[in-house]
Amino acid sequence: MTDHEEPDDEQLDDGLELAAHPLTAARLEKLEAVRSGGRDPYPVGFEREHTAADVRDRHGELEPGATTGDIVTVAGRIMLHRSFGKLVFLTIEDHTGRIQLFASKGDLDEALFELIEASDVGDWVGATGEVITTRKGELSVRVESFTPLAKGLRPLPDKWHGLSDIETRSRNRYVDLIVNPEARKIAVTRAVIISELRRQFENRGFIEVETPVLLAEAGGALAKPFETHHNALGLDMYLRIATELHLKRLIVGGLEKVFEIGRIFRNEGIDSTHNPEFTMLESYEALADYNDVMAMVESVFASVAEHIHGSTDVAYQDQIIGFDAPFRRATMLELVNDALVETVSYETPVAELRAIAERVGVKVMGTFGPGKLIAEIFEAVAESKIVQPTFVTEHPIETSPLARRHRDKDHVTERFELIICGSEYANGYSELNDPLDQRGRFEAQARARAGGEDETHPIDEDFLRALEYGMPPTGGLGIGVDRLVMLLTDQTHIREVILFPTLRPI
RNA sequence: GGGCCGCUAGCUCAACUGGCUAGAGCACUUGACUCUUAAUCAAUAGGUUCCGGGUUCGAGUCCCGGGCGGCCUACCA
């Protein structure tokens, strides 16, 4: 905040201009009443000594009407306010839960009691007093001193029905978090998942690095980038669509085991599983191959599931997803042939594959070769049927421009995708480290682009130059973190696991 | 992108095929109350019915355009 940002009418007037609206005008008056009573309505800090959970832990089971002699100091937001003539019950909430404040007119001087009486749901307050239970047995803090900590000028949503409109919840996430415990729980679980992922990689000897978001060329994936401009350089730039090419440069540089948990930006549609900015974990390990990476993925997913749920069985919607290793493994071709009545291979005439692809609803373009056709057929007929964690392996060379050719088989790469409930959760391969092959793959992509395909990989000369210094055999991995959070928090919409999802401004 | 649906008080929701001054609960304001648990009771107040046009004696409701969102669908993770 800079000192010239004076609040003006423009900033306050968002349909609920504070002084003009009766709901907020009343709270503004109370704010002034606090000030005129000689108190700062927004004081500096507060020495909270006990959380709601602390109080509950220390006095779990007390008889109604009990006194403890235990003096505590708590702070939180008022969530419920029940006022009698000479008694006030306030239910306050902190990040650990709720605790009741019990204020009796007989205990307090008149001005302080009136201050408590005039406090509103939504205000932050602190209080000190003895832990007691009321006659009805509710654990409470019998208020001896009381400090307004921050006035809530806007009313909270209905205390019973809460805030349910998904758009309002997404646009006003702060309100959602105040009133919906589930929203807070997801935010916390996301943090725990990312922390656990980081720990898993660190424990395996990976170091966490940061690579650029702003790039002159966006590669490492087949996706449309966001464009921006650097004024001083006079340069059009792109936001990254993957971290892959930079992380592999670090492998060339000898860092050997690196990972990055970072924001990725793709200029594509928004729906229940896609946000324009999302979080990807990528890792690269020198001297590993895709089998090593698959083994690591099994272990990491099982560990994270266990860490969150205490079990490798995770309930997702109506399914139980089992994360016990090993996961099922099947080649893309096997899965395609399981789903089709005929049997195909990469030797099948293109005309035949094209006919099958069109039959199953693929929009076929003239540039599609056998590999692309088989990959499209896979996505059309097989992918959505996979429920339990499955490594789909041996993707065609055509659709995997950064993956190594299979050591024994023609046409396919040493690649896998981890599919769960029809969606991709991880993608990895034995990295292509032959710079001449890599150049040829890039050129094939350029030909596809010239043929009209819009999602192709650009030629990155500096990346090729890095490979020319010699990249060791490397196993690489990408994990869609948001998707994993959705899976482990049982959410069907990505906006529920991203605190501030991309929305059109109103 | 295409199709379907939605938007009413701060929040959650009503308002029949177009028809009395657009209602209710919670929240707010005022009053009563020393044991509440979504406190209760009483009274008051609160509206650009998303926005802009149109049809009509009359529009929250019907028509046209726009905004934002949801669901389904296609593509990317």
Side-chain angles (χ1 to χ4, degrees), chain A residues 14-16 18 20-27 29-30 64-65 79-91 98-107 113 118 120-122 132-140 142 152-172 175-176 178-180 221-225 241-242 264-282 361-363 376 379-380 417-419 423-427 453-455 478-484 486 492-495 501 503-506:
Chain A
D14 67 353
L16 189 67
L18 293 174
H21 195 286
L23 289 174
T24 49
R27 287 171 177 246
E29 284 171 23
K30 288 181 178 181
M79 299 305 288
L80 296 169
H81 184 294
R82 294 176 293 280
S83 173
F84 291 71
K86 298 180 174 110
L87 279 183
V88 177
F89 299 90
L90 300 178
T91 300
R98 294 184 171 192
I99 189 75
Q100 177 169 278
L101 304 184
F102 172 93
S104 171
K105 192 166 188 175
D107 294 345
F113 185 78
D120 286 311
V121 169
I132 61 159
T133 54
T134 61
R135 282 179 213 162
K136 297 286 174 63
E138 180 74 20
L139 189 67
S140 305
R142 185 173 190 130
L153 292 177
R154 291 176 185 269
L156 292 182
D158 187 293
K159 63 189 172 190
W160 189 244
H161 298 98
L163 185 68
S164 59
D165 180 73
I166 182 61
E167 182 179 359
T168 311
R169 287 180 46 228
S170 299
R171 288 190 192 277
N172 304 315
V175 182
D176 186 33
I178 290 169
V179 299
N180 290 320
L222 307 179
K224 297 183 193 76
I241 56 172
I264 299 296
F265 307 85
R266 297 191 182 173
N267 202 344
E268 289 160 355
I270 298 176
D271 63 25
S272 63
T273 57
H274 295 87
N275 196 60
E277 52 179 305
F278 62 100
T279 300
M280 179 109 92
L281 185 158
E282 287 195 43
V362 175
K363 284 180 284 186
E376 291 284 343
E379 287 175 21
E417 287 183 311
L418 175 61
I419 306 296
S423 291
E424 179 189 334
Y425 283 78
N427 176 26
E453 288 186 45
D454 55 352
E455 298 213 334
I479 294 174
V481 173
D482 310 270
R483 295 267 176 91
L484 179 59
M486 287 168 64
T492 57
H493 294 87
I494 198 167
R495 61 171 179 241
L503 296 167
R504 276 182 207 271
I506 295 175

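Residue numbers start from 1 in every chain, and the chains themselves are labelled A, B, ... in the order their sequence lines are given, proteins ahead of strands. Values below: every heavy atom of this structure, side chains too, minus hydrogens, waters and symmetry copies. In this text the structure is predicted, and so the values were computed from the model without any measurement.
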Quiz item: Expressed in whole Å, how much space separates the C1' atoms belonging to B:C68 and B:C57?
Solution: 34 Å
Practice problem: Would you classify A:T273 as touching base, sugar-phosphate or nothing, given that sugar-phosphate means primed atoms plus P, OP1 and OP2, and contacts are heavy atoms under 4.0 Å? | Solution: base
Quiz item: Considering the options A:H81, A:E138, A:R82, which one meets the side chain to side chain donor-acceptor pair (under 3.5 Å) requirement together with A:T91?
Solution: A:R82
Quiz item: Which whole number of Å gives the distance between the C1' atom of B:A43 and that of B:U56?
Solution: 40 Å
Quiz item: If we take the C1' atom in both B:U61 and B:U49, what is their distance in whole Å?
Solution: 10 Å
Quiz prompt | Rounded interatomic separation in angstrom, taking CE from A:M79 and C1' from B:C26 | solution = 14 Å
Quiz item: In Å and rounded to the nearest 0.5 Å, what is the OG1 to CZ distance from A:T279 to A:R483?
Solution: 12.5 Å
Quiz prompt | Minimum-distance nucleotide (side-chain atoms of A:K159 versus B:U29, B:A27, B:C68) | solution = B:A27
Quiz item: With a non-hydrogen cut-off below 4.0 angstrom, is A:E424 in contact with a base, only sugar-phosphate, or nothing?
Solution: sugar-phosphate
Self-check item: Euclidean distance, atom CG of residue A:N180 to atom C1' of B:C11 [Å, nearest integer]
Solution: 12 Å
Exercise. Could you please name the option among B:A77, B:U34, B:G69 that lies closest to any side-chain atom of A:L87?
Key: B:U34
Quiz prompt | Nearest listed nucleotide, side chain of A:D271, among B:C35, B:U34, B:C75 | solution = B:C75
Exercise. From the options B:C71, B:G69, B:C11, select the nucleotide whose nearest atom is closest to the side chain of A:P157.
Key: B:C11
Quiz item: Contact class for A:K363 (heavy atom, under 4.0 Å): base, sugar-phosphate, or nothing?
Solution: sugar-phosphate
Quiz item: Any donor and acceptor pair, going by atom type alone, linking the side chain of A:K30 with main-chain N or O of A:A118 inside 3.5 Å?
Solution: yes
Self-check item: Candidates B:U37, B:G70, B:U12 - which lies nearest the side chain of A:L163
Solution: B:U12
Quiz item: So which nucleotide does B:G46 pair with, by the Watson-Crick or G-U wobble rule with both distances under 3.5 Å?
Solution: none
Quiz item: Among B:C75, B:G69, B:U37, which nucleotide sits nearest the side chain of A:R171?
Solution: B:G69
Quiz item: Are A:L90 and A:S83 side-chain neighbours, meaning at least one heavy-atom pair lies under 4.5 Å?
Solution: no
Self-check item: Candidates B:U34, B:U37, B:A27 - which lies nearest the side chain of A:R82
Solution: B:U37
Quiz prompt | Assigned partner base of B:C68, Watson-Crick or wobble definition, under 3.5 Å | solution = B:G6
Quiz item: If you measure from the C1' atom in B:C71 to the same atom in B:A14, how many Å do you get, rounded?
Solution: 24 Å
Quiz item: At under 4.0 Å between heavy atoms, what does A:N275 touch on the DNA or RNA strands: base, sugar-phosphate, or nothing?
Solution: base
Exercise. Respond yes when some side-chain nitrogen or oxygen of A:H21 is under 4.0 Å from OP1 or OP2 of B:G10, and no when none is.
Key: yes
Practice problem: For A:R266 and A:A242, work out which heavy atoms get closest and say how close. | Solution: NH2-CB, 4.3 Å
Quiz item: Could a donor-acceptor pair under 3.5 angstrom be found where the side chain of A:D158 meets the base of B:G10?
Solution: no
Quiz item: Considering only the C1' atoms, how many Å lie between B:G3 and B:A39, rounded to the nearest integer?
Solution: 50 Å
Quiz item: Looking for any heavy atom pair under 4.0 Å, which part of the strands does A:S83 touch: base, sugar-phosphate only, or nothing?
Solution: base
Self-check item: Integer-rounded Å distance: B:C75 P and A:I270 CD1
Solution: 18 Å
Practice problem: Describe the nucleic acid contact of A:Y425 in one word from base, sugar-phosphate, nothing, applying a heavy-atom distance below 4.0 Å. | Solution: nothing
Quiz item: Between B:U34, B:A77, B:A38, which nucleotide gets closest to the side-chain atoms of A:L80?
Solution: B:A38
Quiz item: Heavy atoms under 4.0 Å, any strand shown: does A:R504 hit a base, just sugar-phosphate, or nothing?
Solution: sugar-phosphate
Quiz item: Could you give the CD-to-P distance, from A:E282 to B:A77, as a whole number of Å?
Solution: 12 Å
Self-check item: C1' atoms of B:G6 and B:G60, separation to the nearest Å
Solution: 14 Å
Quiz item: What integer number of Å spans the C1' atoms of B:U29 and B:A45?
Solution: 7 Å
Quiz item: Can you tell me the Watson-Crick or wobble partner of B:A27, both distances under 3.5 angstrom?
Solution: none
Quiz item: How is A:E417 classified with respect to the nucleic acid when contacts are heavy atoms under 4.0 Å: base, sugar-phosphate, or nothing?
Solution: nothing
Quiz prompt | Spatial distance of atom CD1 (A:I270) from atom CG (A:N275) [nearest 0.5 Å] | solution = 6.0 Å
Quiz prompt | 5'-most by nearest nucleotide on RNA chain B - A:G162 or A:E268 | solution = A:G162
Quiz prompt | Pair partner, B:A39 [Watson-Crick or wobble, under 3.5 Å] | solution = none
Quiz item: Of the candidate nucleotides B:C35, B:G25, B:C68, which contains the atom at the shortest distance from the side chain of A:H161?
Solution: B:G25
Quiz item: Considering all heavy atoms of both residues, which atom of A:T134 and which atom of A:Q100 are nearest to each other, and what is their separation?
Solution: CG2-NE2, 3.6 Å
Quiz prompt | A:W160 aromatic ring stacked with six-membered ring of B:G25, 5.5 Å and 30° | solution = no
Quiz prompt | Closest-nucleotide ordering on RNA chain B, the 5'-leading residue of A:I264 and A:S272 | solution = A:S272
Quiz item: Whole-Å distance between B:U12 P and A:L156 CG?
Solution: 13 Å
Exercise. Give A:R495 one of three labels, base, sugar-phosphate or nothing, depending on what nucleic acid heavy atoms sit under 4.0 Å from its own.
Key: sugar-phosphate
Quiz item: Does the side-chain ring of A:F89 sit on the six-membered ring of the B:A39 base, less than 5.5 Å centre to centre and under 30° in tilt?
Solution: no
Quiz prompt | Nucleotide opposite B:G18 in a Watson-Crick or G-U pair, distances under 3.5 Å | solution = none
Quiz item: A:K224 side chain N/O closer than 4.0 Å to the phosphate oxygens (OP1, OP2) of B:C75?
Solution: no
Practice problem: Name the nucleic acid region contacted by A:G480, choosing base, sugar-phosphate or nothing; use a 4.0 angstrom heavy-atom cut-off, strictly under. | Solution: nothing
Quiz item: Roughly how far, to the nearest 0.5 Å, is the CG atom of A:L18 from the CG atom of A:L23?
Solution: 11.0 Å
Quiz item: When only distance counts, do a donor and an acceptor, one from the side chain of A:D165 and one from the base of B:C7, lie under 3.5 Å apart?
Solution: no
Practice problem: List the steps and the verdict of side-chain contact (heavy atoms from CB on, under 4.5 Å) for A:V362 and A:E379. | Solution: CA-CA 9 Å; A:V362 175; A:E379 287 175 21; over 6 Å; no
Exercise. Return the value, rounded to whole Å, for the distance between atom CG of A:L503 and atom P of B:C50.
Key: 20 Å
Practice problem: Taking all heavy atoms of A:N180 and all of A:L163, pick out the closest pair and write down the distance. | Solution: ND2-O, 3.1 Å
Quiz item: Taking the same atom, P, in B:G1 and in B:U40, what whole-Å distance lies between them?
Solution: 48 Å
Quiz item: What integer distance in Å separates A:N172:CG from B:C11:P?
Solution: 9 Å
Quiz item: Taking the side chain of A:L23 as its heavy atoms from C-beta onward, which of B:A77, B:C28, B:G69 lies nearest to it?
Solution: B:C28
Exercise. Answer with base, sugar-phosphate or nothing: what part of the nucleic acid does A:P505 contact at a heavy-atom distance below 4.0 Å?
Key: sugar-phosphate
Exercise. Round to a whole Å and report the spacing from CD of A:Q100 to P of B:U37.
Key: 10 Å
